[in-house]
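Data first, discussion second: the structure below is written as structure tokens.
Reckoned from all heavy atoms, side chains included, excluding hydrogens, waters and symmetry mates. Since we're looking at a predicted model, the values are computed, not measured.
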Amino acid sequence: MDSTRLRELRAGRRVSLETLAEVIGKSIVSYSKKERGEVKFKPDEVIALSEFYGLSYDEMNAIFYDNNLPNGKFDELNKILSGLGII
């Protein structure tokens with residue numbers, strides 16, 4: 001995960017930790033640990049943040065998965081995660 005890029009995205013848009021914690025349904029402390037890379041974001045949290053920021057699939061893949069996901073789209077990822085019972 002690109003923690004630096006994620007922090008820059010938050011700072012550039014002047015979004016509070018509190019707001020992002022609410023977006024993923026966690027406490028501020030929990031979100032902060034995830035943003036620093038101490039704890040991994042769950043797939044549903046990644047999707048919620050990507051939608052909040054309006055990230056493209058490629059941007060989401062670069063920030064959260066170091067470009068390790070196959071080329072695709074959010075719809076395809078949602079189908080996979082739903083099929084696995086993750087979201």
Side-chain angles (χ1 to χ4, degrees):
M1 184 182 82
D2 190 343
S3 296
T4 302
R5 193 164 168 200
L6 188 57
R7 281 192 304 274
E8 289 172 352
L9 186 62
R10 176 175 52 83
R13 297 195 186 182
R14 297 179 185 211
V15 179
S16 69
L17 288 173
E18 182 179 10
T19 297
L20 294 174
E22 289 174 7
V23 167
I24 66 168
K26 301 290 181 187
S27 69
I28 294 170
V29 171
S30 178
Y31 176 82
S32 183
K33 287 181 180 181
K34 289 173 183 270
E35 186 180 83
R36 289 192 310 266
E38 295 174 14
V39 177
K40 290 186 177 189
F41 284 100
K42 294 180 181 177
D44 60 324
E45 296 168 342
V46 170
I47 290 170
L49 290 170
S50 297
E51 290 175 349
F52 176 81
Y53 282 124
L55 301 177
S56 68
Y57 180 87
D58 290 336
E59 290 169 322
M60 180 267 313
N61 190 8
I63 293 170
F64 294 100
Y65 297 108
D66 299 320
N67 290 313
N68 288 319
L69 292 178
N71 292 333
K73 297 182 179 180
F74 281 116
D75 292 342
E76 294 168 15
L77 181 60
N78 281 333
K79 286 179 189 175
I80 293 167
L81 296 175
S82 293
L84 295 172
I86 296 172
I87 60 170

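With a 4.5 Å cut-off on side-chain heavy atoms, Tyr53 and Ile63 do not count as touching. Arg5 has its side chain out of reach of Leu9: every pair of non-hydrogen atoms, C-beta onward, lies at least 4.5 Å apart. Side-chain contact between Arg10 and Leu17: present, with at least one pair of heavy atoms (C-beta onward) separated by less than 4.5 Å.
To the nearest 0.5 Å, atom CD of residue Glu8 and atom CG of residue Asp2 are 7.5 Å apart. Taking NZ of Lys42 as the reference point, atom CZ of Phe64 lies at 15.0 Å (rounded to 0.5 Å). To the nearest 0.5 Å, atom CZ of residue Arg7 and atom OG of residue Ser32 are 9.0 Å apart. Taken from CD1 in Ile47 to CE in Met60, the straight-line distance is 7.0 Å, to the nearest 0.5 Å. Taking NZ of Lys40 as the start and CD of Glu45 as the end, the distance is 13.0 Å to the nearest 0.5 Å. In this structure, NZ in Lys34 is found 6.5 Å from CZ in Phe41, a value given to the nearest 0.5 Å.
The same ILVMFWY cluster, assembled from side-chain heavy atoms under 4.5 Å apart, contains both Val15 and Ile28. Cluster membership check: Phe52 shares its hydrophobic cluster with Tyr65, using side-chain heavy-atom separations under 4.5 Å among Ile, Leu, Val, Met, Phe, Trp and Tyr.
For Arg13, there are no salt bridge (Lys or Arg N to Asp or Glu O under 4.0 Å) partners two or more places apart in sequence or in a different chain.
Closest of all the heavy-atom pairs between Ser27 and Ser30 is OG-N, 3.0 Å.
Using modelled atom types, one side-chain atom of Asn61 and one backbone atom of Asn68 make a donor-acceptor pair closer than 3.5 Å.
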Exercise. Determine, step by step, whether Thr19 and Ser16 satisfy the side chain to side chain donor-acceptor pair (under 3.5 Å) criterion, reporting the C-alpha distance in whole Å, the side-chain angles of both residues, the deciding distance to 0.1 Å, and the verdict.
Key: CA-CA 5 Å; Thr19 297; Ser16 69; 2.9 Å; yes
